[in-house]
Amino acid sequence: VQLQASGGGLVQAGGSLRLSCAASARTFSSYDMGWFRQAPGKEREFVAAVSWSGGSTIYAYSVEGRFTISRDNAKNTVYLQMNSLKPEDTAVYYCAGRMKTTATMRGRYDYWGQGAQVTVSS
């Protein structure tokens, strides 16, 4: 499975960006999908995830209410809409995927995209 993230960029604090992640998997609708991020000098952290059906979503506390994850199984794409961006949201954002499982969506993923840089200026 190959994942290709796009949509990163530079935005002022309070602005918005939408990340997209296109997947090559023919069975994309069987994959839970997540977004993670890694800021300079910090460990990678969970941001948001959506279940294979789109029926369940979870968020990190730091982004809840500002970010929205969604998916379009017909387009093999998952999105991360980021609103009210803050300088502390600056990071490389990675999309990730795994075959559907009952395990927590904050956990292990098997496939990773190349990352998209998001920079929020104050």
Side-chain angles (χ1 to χ4, degrees):
V1 177
Q2 292 186 329
L3 303 174
Q4 181 74 39
S6 61
L10 173 64
V11 64
Q12 288 189 331
S16 298
L17 280 175
R18 188 176 80 156
L19 300 180
S20 300
C21 177
S24 65
R26 289 183 297 173
T27 56
F28 177 74
S29 60
S30 297
Y31 285 74
D32 296 329
M33 298 297 295
W35 286 97
F36 291 73
R37 67 187 181 186
Q38 187 167 20
K42 296 187 177 181
E43 293 188 352
R44 186 173 62 195
E45 65 175 357
F46 170 80
V47 175
V50 58
S51 64
W52 58 276
S53 66
S56 179
T57 57
I58 58 172
Y59 297 91
Y61 177 78
S62 59
V63 307
E64 191 150 19
R66 300 187 298 122
F67 291 11
T68 302
I69 189 170
S70 61
R71 66 189 297 158
D72 185 339
N73 285 345
K75 296 182 178 180
N76 279 20
T77 302
V78 62
Y79 305 97
L80 185 68
Q81 177 66 43
M82 305 183 291
N83 298 330
S84 302
L85 282 161
K86 305 175 181 181
E88 51 263 44
D89 294 318
T90 295
V92 177
Y93 284 71
Y94 298 91
C95 63
R98 68 180 193 191
M99 284 295 292
K100 60 184 178 181
T101 170
T102 56
T104 172
M105 290 194 289
R106 299 175 187 271
R108 179 175 175 268
Y109 285 75
D110 299 311
Y111 306 100
W112 293 85
Q114 85 288 2
Q117 177 69 48
V118 171
T119 303
V120 184
S121 63
S122 57

**Prompt:** Side chains of L85 and F67: does their closest heavy-atom pair fall under 4.5 Å?
**Reply:** yes
**Asked** Can Y59 be reached from L19 by stepping across I, L, V, M, F, W or Y side chains whose heavy atoms are under 4.5 Å apart?
**Response** yes
**Asked** Looking at side-chain heavy atoms only, is the closest gap between K100 and S51 below 4.5 Å?
**Response** no
**Request:** Indicate if V63 and I69 have the same hydrophobic cluster label, given that clusters are the connected sets of ILVMFWY residues with side-chain heavy-atom separations under 4.5 angstrom.
**Result:** yes
**Request:** Can you measure from OG1 (T27) to CH2 (W52) and round to the nearest 0.5 angstrom?
**Result:** 12.0 Å
**Message:** Are there over 12 heavy-atom neighbours, none belonging to K75, within less than 6.0 Å of that residue's NZ?
**Reply:** no
**Message:** With a 4.5 Å cut-off on side-chain heavy atoms, are S70 and Q81 touching?
**Reply:** no
**Prompt:** Are V78 and W112 co-members of a hydrophobic cluster defined by side-chain heavy atoms under 4.5 Å apart?
**Reply:** no
**Complete:** Heavy atoms of S24 and Q2 approach each other most closely as OG-N, 2.7 Å
**Message:** Do S56 and M105 have side chains that approach each other closer than 4.5 Å (heavy atoms only, starting at C-beta)?
**Reply:** yes
**Request:** Find out whether D72 and Y79 are in side-chain contact, i.e. whether some heavy atom of one side chain is under 4.5 Å from a heavy atom of the other.
**Result:** yes
**Request:** Using the rule that two of Ile, Leu, Val, Met, Phe, Trp, Tyr join whenever any of their side-chain heavy atoms come within less than 4.5 Å, decide whether V120 and V47 are in one cluster.
**Result:** yes
**Item:** Y93 versus D89, closest heavy-atom pair with distance
**Value:** OH-O, 2.6 Å
**Asked** Taking R66 for the side chain and S84 for the main chain, is one N or O donor matched with an acceptor at less than 3.5 Å?
**Response** yes
**Asked** Is it true that V92 and W35 fall in one hydrophobic cluster, defined by side-chain heavy atoms closer than 4.5 Å?
**Response** no
**Request:** Could you tell me whether the side chain of F28 reaches within less than 4.5 Å of the side chain of M33, counting heavy atoms only?
**Result:** yes
**Message:** Within the 4.5 Å heavy-atom criterion, are R37 and E45 side-chain neighbours or not?
**Reply:** yes
**Prompt:** From N76 CG over to S29 OG, what is the distance, rounded to the nearest 0.5 angstrom?
**Reply:** 8.0 Å
**Item:** Spacing of CD belonging to Q114 relative to OG belonging to S6, to within rounding of 0.5 Å
**Value:** 8.0 Å
**Request:** Give the minimum heavy-atom separation between L17 and G8, together with the two atoms involved.
**Result:** CD1-C, 4.5 Å
**Message:** Can you give me the closest heavy-atom contact between G113 and Y94, atom names plus distance?
**Reply:** O-CD2, 3.6 Å
**Message:** So, taking the atom named CD in Q38 and the one named CD in E43, what distance separates them when rounded to the nearest 0.5 Å?
**Reply:** 8.0 Å
**Asked** Can you check whether I58 reaches E64 side chain to side chain, under 4.5 Å on heavy atoms?
**Response** no
**Prompt:** Between D32 and R98, is there a side-chain N and carboxylate O pair less than 4.0 Å apart?
**Reply:** yes
**Message:** How close do V1 and Y31 get, counting heavy atoms only, and between which atoms?
**Reply:** CG2-OH, 3.2 Å
**Shortest non-hydrogen contact from L3 toward A23** = CD2-CB, 3.5 Å
